[in-house]
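This report refers to the structure that appears directly beneath it.
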Amino acid sequence: MTFTVNRIAPLPALVILLAVGCAPTQTNILGKAPAQQPTILVRELSAKTGSVVTVKGEMVEKCPVAGCWFMLRDKTGMVRVDTKQAGFVVSEVPLHTTMTVSGTVASGTEVGLKASGVRY
């Protein structure tokens with residue numbers, strides 16, 4: 001008994017796998033699209049009060065009622081991001097989503113960020 005190895009049959013499967021595996025991921029934008037690259041780390045925000053900045057991190061908490069604010073954490077710290085003035089909410093965005101956020105650095109009892117837009 002002889003067996004023949006078919007070397008052509010796996011080729012279509014490989015082509016499909018590469019096409020699906022290399023497909024770009026969908027990007028979602030809320031509000032005004034932020035810059036592609038972050039311009040600052042969370043720990044540097046206190047020195048930039050009133051400035052427009054872009055920060056990248058993970059959403060680790062959000063407003064449980066309306067999604068009008070969230071906590072963004074990067075490797076240097078955490079900041080509260082307010083979305084009310086920008087006119088969007090994050091209630092449908094899953095926790096632990098990586099986000100790029102643009103907004104104005106606000107001061108108060110703690111430094112925060114008034115978002116103008118989010119990309120995730």
Side-chain angles (χ1 to χ4, degrees):
M1 190 188 299
T2 52
F3 294 97
T4 306
V5 176
N6 187 347
R7 294 182 189 260
I8 298 175
L11 186 60
L14 178 61
V15 170
I16 292 170
L17 178 63
L18 289 175
V20 173
C22 295
T25 58
Q26 181 178 352
T27 300
N28 297 302
I29 305 289
L30 299 173
K32 182 181 171 189
Q36 290 287 4
Q37 297 298 320
T39 59
I40 196 166
L41 297 170
V42 169
R43 74 168 173 238
E44 301 168 332
L45 290 173
S46 60
K48 299 292 185 177
T49 301
S51 299
V52 175
V53 298
T54 303
V55 181
K56 185 175 183 176
E58 175 187 3
M59 180 173 61
V60 294
E61 183 182 349
K62 62 183 172 178
C63 172
V65 177
C68 57
W69 60 266
F70 63 94
M71 299 300 289
L72 185 77
R73 180 175 58 205
D74 72 1
K75 63 185 176 188
T76 67
M78 195 160 30
V79 65
R80 184 172 193 237
V81 179
D82 186 342
T83 65
K84 285 182 265 187
Q85 291 182 339
F88 66 87
V89 296
V90 294
S91 53
E92 299 298 318
V93 180
L95 283 177
H96 306 291
T97 297
T98 299
M99 309 176 108
T100 302
V101 182
S102 286
T104 304
V105 180
S107 64
T109 54
E110 291 187 26
V111 173
L113 193 60
K114 293 182 181 180
S116 58
V118 172
R119 174 182 293 109
Y120 65 98

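Below, all heavy atoms of this structure are taken into account, side chains as well, without hydrogens, waters or symmetry copies.
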Please say yes or no: joined through hydrophobic side-chain contacts below 4.5 Å, possibly via intermediate residues, are Phe88 and Val93 part of one cluster? yes
Could you tell me whether the side chain of Ser116 and the main chain of Ser102 form a donor-acceptor pair under 3.5 Å? yes
Do Ile40 and Val79 belong to the same hydrophobic cluster, where Ile, Leu, Val, Met, Phe, Trp and Tyr are linked whenever their side-chain heavy atoms lie under 4.5 Å apart, directly or via other members? yes
Heavy atoms only: give me the nearest Phe70-Thr83 pair and the separation to one decimal. CE2-CG2, 3.8 Å
Full working for side chain to side chain contact (heavy atoms under 4.5 Å, CB included) between Thr98 and Lys56: CA-CA 7 Å; Thr98 299; Lys56 185 175 183 176; 3.6 Å; yes
Rounded to the nearest 0.5 Å, what separates atom CE in Met99 from atom CG in Asn28? 9.0 Å
Run the side chain to side chain contact (heavy atoms under 4.5 Å, CB included) check on Leu95 and Lys62 step by step: do they pass? CA-CA 8 Å; Leu95 283 177; Lys62 62 183 172 178; 4.1 Å; yes
Exercise: identify the closest heavy-atom pair between Val81 and Ala115: CG1-CB, 3.6 Å
Sub-3.5 Å donor-acceptor pair from the side chain of Ser107 to the main-chain atoms of Thr49, do we have one? no
Lys48 to Val105 - nearest heavy-atom pair and separation: O-CB, 3.4 Å
Are Gln36 and Arg119 close enough, and set up right, to give a side chain to side chain contact (heavy atoms under 4.5 Å, CB included), and what steps lead you there? CA-CA 9 Å; Gln36 290 287 4; Arg119 174 182 293 109; 3.8 Å; yes
Run the side chain to side chain contact (heavy atoms under 4.5 Å, CB included) test on Leu113 and Val53 for me, step by step, so that the C-alpha distance in whole Å, both residues' side-chain angles and the decisive distance to 0.1 Å come before the verdict. CA-CA 9 Å; Leu113 193 60; Val53 298; 3.8 Å; yes
So, the side chain of Asp74 versus the backbone of Leu41: is there a donor-acceptor pair under 3.5 Å, distance only? no
In the single-linkage hydrophobic clustering (I, L, V, M, F, W, Y; side-chain heavy atoms under 4.5 Å), do Tyr120 and Trp69 co-cluster? no
Looking only at heavy atoms, the pair that brings Thr54 and Ala35 closest together is OG1-CB, 3.8 Å
On a heavy-atom basis, the closest approach of Met59 and Pro94 is CE-O, 3.2 Å
For a quick test of reading the model, state the closest non-hydrogen atom pair linking Ala66 to Ser91 and the distance between them. O-CB, 4.0 Å
